[in-house]
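A short worksheet on the structure shown next.
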Amino acid sequence: QSRAPGPDTSILAKADMSCSATFSITLRHSSPTKRNALDRRNDHFVIQLDSDTVTTGPVPEVAAAIDANRSFTLAGGLDEAQHGFKSAREISQIFHANGPTTDHVQAHAEAAMKTLPDADALRYIRGCAGFAGFARSNDGRATVSRFSQEMDDRLGNTWRHWGSEQVASNWVVANDPDPVQLPYDRYINHWDEPMPKSPAFVHYIGTYRFRWGNYSRTTREAIAALRG
């Protein structure tokens, strides 16, 4: 059963937020007149939602996470979902044992995580910032600022590339208390593969949204359902 937004719910566009919506990696360049989404965690449960997503069914896991004030994230893919939350060192060794597997900033950052202080105690998940929730907390930007500084020290200008915000999102969720990885058989990223039978939520990534005709079909179905 769907639930209408409550009176305290706000929907904000990127234009109303600081330079990277949720995670201003270079915080010193953020506009002082715009609040970073993490600044809102003090009195709000904050959800980041990409525009290329379609909710196709009930999402009780999301509602339960909000009610319990537990941060959550969509998994990056099927392989990532099988590993879930692990120590930063474990994730680094599982996916990048011999160094970055690609030249993408996420690969460089994850490969460097094994060198972080407390890499065995701090956690990480290979999630997707296209759909992530951040529990109410007074942490603000503290966690992401410390992490960003560590990555900046190791990666330099690479850390300022597009994609670092997803790494930061994964880091914050993983190190919040009792976070939730949404079940991947119902909350999926649409790669070049057939759709599962009954997904509740689909993130249509990049050019893959144009494969199979699923993006336009599920969007039309969702609009029709909303219209009743």
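Not measured: the values here are computed from a predicted model.
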*Does Glu221 come within less than 4.0 Å of Arg217, counting only side-chain N to carboxylate O?*
yes

*Report yes if some heavy atom in the side chain of Tyr184 is under 4.5 Å from a heavy atom in the side chain of Gln82; otherwise report no.*
no

*Which residue, Asn214, Asp52, Thr219, forms the side chain to side chain donor-acceptor pair (under 3.5 Å) with Arg209?*
Asp52

_Under the criterion side chain to side chain contact (heavy atoms under 4.5 Å, CB included), I'd like the reasoning laid out for Phe131 against Thr73: C-alpha separation, chi angles, the key distance, then a yes or no._
CA-CA 6 Å; Phe131 188 39; Thr73 188; over 6 Å; no

*Find out whether His190 and Ile205 are in side-chain contact, i.e. whether some heavy atom of one side chain is under 4.5 Å from a heavy atom of the other.*
no

*Just by distance, with hydrogens left out, do Asn170 and Gln166 show a side-chain donor and acceptor under 3.5 Å apart?*
no

*Is the closest side-chain heavy-atom distance between Ser169 and Phe134 below 4.5 Å?*
yes

*asked:* Quick check: do Gln106 and Ser164 have side-chain heavy atoms less than 4.5 Å from each other?
replied: no

*Nearest non-hydrogen partners of Gln181 and Ala81, listed with the distance*: NE2-O, 3.1 Å

*Could you go step by step and tell me if Arg154 and Leu116 meet the side chain to side chain contact (heavy atoms under 4.5 Å, CB included) rule?*
CA-CA 9 Å; Arg154 287 160 174 78; Leu116 293 173; 3.8 Å; yes

*asked:* I need the minimum non-hydrogen distance between Trp159 and Ala109, along with the two atoms involved.
replied: CZ3-CB, 3.9 Å

*So, for Ala112 and Met151, which heavy atoms are closest and what is the spacing to 0.1 Å?*
CB-CE, 4.3 Å

*Say whether Trp191 and Leu78 are linked into one hydrophobic cluster, either directly or through other cluster members, by side-chain heavy-atom distances under 4.5 angstrom.*
yes

*Just checking, any donor-acceptor pair under 3.5 angstrom between side chains of Thr143 and Trp171?*
no

*Counting N and O atoms only, with roles assigned by atom type, does the side chain of Thr102 sit under 3.5 Å from a partner on the main chain of Ala107, one being a donor and the other an acceptor?*
no

*Charged N to carboxylate O under 4.0 angstrom, Arg160 versus Asp152?*
yes

*Can you tell if the side chain of Phe147 reaches within under 4.5 Å of the side chain of Gln149, non-hydrogen atoms only?*
no

*Taking it one step at a time, do Phe85 and Glu90 satisfy side chain to side chain contact (heavy atoms under 4.5 Å, CB included)?*
CA-CA 10 Å; Phe85 297 100; Glu90 286 178 292; over 6 Å; no

*State plainly whether one hydrophobic cluster holds both Phe210 and Val54, where clusters connect Ile, Leu, Val, Met, Phe, Trp and Tyr through side-chain heavy atoms under 4.5 angstrom apart.*
no

_To check you understand the geometry: which heavy-atom pair defines the closest contact between Pro117 and Leu122, and what is its length?_
O-CD1, 3.7 Å

_I'd like to know if the side chain of Ser87 and the backbone of Ala121 have a donor-acceptor N/O pair within less than 3.5 Å._
no

_Within 6.0 Å of CG in Asn157, more than 12 heavy atoms from elsewhere_ = yes

_Arg186 vs Phe201 side-chain heavy atoms within contact, under 4.5 Å_ = no

*Sidechain-backbone polar pair: Glu110 side chain, Ile91 backbone, donor-acceptor under 3.5 Å*: no

*Taking all atoms of both residues into account, what is the closest heavy-atom pair of Leu182 and Leu74, and its distance?*
CD1-N, 4.3 Å

*Test item: side-chain donor near acceptor, Tyr187 and Glu61, under 3.5 Å*: yes

*Where the side chain of Arg89 meets the backbone of Lys114, is there a donor-acceptor pair that is under 3.5 Å apart?*
yes

*Below 4.0 angstrom, N of the basic side chain to O of the carboxylate: do Asp43 and Arg136 qualify?*
no

_Asp118: side-chain hydrogen bond (donor to acceptor under 3.5 Å, both in side chains) partners, not counting sequence neighbours_ = none

*Identify which one of Asp178, Asn175, Asp176 satisfies the side chain to side chain donor-acceptor pair (under 3.5 Å) criterion when paired with Ser71.*
Asp176

*Does the pair Ile188 and His203 meet the rule for a side chain to side chain contact (heavy atoms under 4.5 Å, CB included), with working shown?*
CA-CA 6 Å; Ile188 68 168; His203 179 210; over 6 Å; no

_Non-hydrogen side-chain atoms of Phe95 and Thr101 separated by less than 4.5 Å_ = no

*Student check: side-chain heavy atoms of Asp103 and Thr158 closer than 4.5 Å*: no

*Return the minimal non-hydrogen interatomic distance between Ala65 and Phe45, and the atom names on each side.*
O-CE1, 3.9 Å

*Please name all residues satisfying side-chain hydrogen bond (donor to acceptor under 3.5 Å, both in side chains) with Thr218, sequence neighbours left out, ordered by chain then number.*
Tyr204

